[in-house]
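Below: the structure, in structure tokens.
When reading the values below, keep in mind they use all heavy atoms of this one structure, side chains included, and skip hydrogens, waters and symmetry mates. Proteins come first, then strands; the chains are lettered A, B, ... in the order of their sequence lines, and each starts at number 1.
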Amino acid sequence: MKSARYGVNRSFFARPPRVVARELIGASLFVAGVGGVIVETEAYAHDDPASHSFSGRTARNAAMFGETGTAYVYRSYGLHWCLNVVCGAERGCAVLLRALEPLAGLPAMQERRGVANPRLLCSGPGRLCQALGVTGALDGAPLDQPPFLIVARATAPKIIAGRRIGVSRAAEKPWRFGLGGSSFFSKPFKGTGRAAPLS
DNA sequence: ATATCGATGCCCT
DNA sequence: GGGCATCGATATG
């Protein structure tokens, strides 16, 4: 047998953001071996008023206009980092990674986050980046190469959907996706009945 | 349980 | 100057 390549390849990302956002639910993300199962994502389309790319290219969002399968890492509210997967057939599409169920490297996550509770390590886009050590240094980096590793899920999970968090434009679009039954969401999915994380 | 607020950078008008 | 793809601390029911 050929040596198995664990990570997804570039073609994984060459699909529309809503497809990729759903495919990533149940997949695993590691950064230098620290990570877990992706349980919450949001899709942002190129013609989406809520997308950072909507008003054109700037220094901050340049990576969104780069190759599919690379990272778009931006600073949020001046102090947090957020990690996106650049995807789609058009330029300017991305999927925001909002929450993981931590599996590997918990001591490193706890050290970086300054908290011990596993539910508070990666339950939110800013928390996830802090726990995995993702910063602007990885903006534009390819996701199919170290330090990144994304492993596709083995079986199709139950996926729930809802409104995106913290957006005011196109707020009605149900482009937030979650792993059914997870207790590691950044916020509950209303109406689909799953619990919120602590505090 | 929800509400409000401050921190802080960058892009918009 | 205002508005964010946020978080944690504080206040209050």
Which pairs count as salt bridge (Lys or Arg N to Asp or Glu O under 4.0 Å) when at least one residue sits in residues 68-77 of chain A, sequence neighbours excluded? none

Which ones in residues 13-30 of chain A lie close to DNA chain C, meaning a heavy atom under 4.0 Å from one of its atoms? none

Those residues that, when tested against A:Glu67, pass salt bridge (Lys or Arg N to Asp or Glu O under 4.0 Å) (two or more places apart): A:Arg10

Does the A:Asn84 side chain pair with the main chain of A:Val86, one donor and one acceptor, at a distance under 3.5 Å? no

Hey, where on DNA chain C does chain A first and last touch, going 5' to 3'? Cut-off is any atom under 4.0 Å from a heavy atom. C:dC4 to C:dG8

In the hydrophobic clustering (ILVMFWY, side-chain contacts below 4.5 Å, transitive), which residues join A:Tyr44, or is it alone? A:Leu96, A:Val167

Paired stretches of DNA chain B - 3 or more consecutive Watson-Crick or G-U pairs, each distance under 3.5 Å: B:1-7 with C:6-12, B:9-12 with C:1-4

Does any pair with a residue in residues 102-116 of chain A pass salt bridge (Lys or Arg N to Asp or Glu O under 4.0 Å), and if so which ones, sequence neighbours excluded? none

Within residues 75-99 of chain A: residues closer than 4.0 Å to DNA chain B (heavy atoms): A:Arg75, A:Tyr77, A:Gly78, A:Leu79

Once you apply a heavy-atom cut-off of 4.0 Å, does A:Arg113 come out as touching a base, just sugar-phosphate, or nothing? sugar-phosphate

Tell me which residues in residues 42-53 of chain A lie within less than 4.0 Å of DNA chain C, going by non-hydrogen atoms. A:Tyr44, A:Ala50, A:His52

Separation of the P atoms in C:dG2 and B:dC5, to the nearest angstrom: 16 Å

Can you pull out every salt bridge (Lys or Arg N to Asp or Glu O under 4.0 Å) where at least one residue sits in residues 16-31 of chain A? Sequence neighbours excluded, please. A:Glu23-A:Arg153

Could you pull out the closest heavy-atom pair between A:Leu100 and A:Leu132, with the gap in Å? CD1-CD2, 3.9 Å

Main chain of A:Ser186, side chain of A:Ser123: is a donor-acceptor contact present, judged purely on distance under 3.5 Å? no

Here the salt bridge (Lys or Arg N to Asp or Glu O under 4.0 Å) pairs for residues 156-175 of chain A, sequence neighbours left out, are A:Asp48-A:Arg164

For A:Arg164, which contact category applies under a 4.0 Å heavy-atom criterion: base, sugar-phosphate, or nothing? nothing

Applying ring-ring contact (aromatic ring centres under 6.0 Å, His included) as the test, list every pair that has at least one member in residues 74-122 of chain A; sequence neighbours left out. A:His52-A:Tyr74, A:Tyr72-A:Tyr74

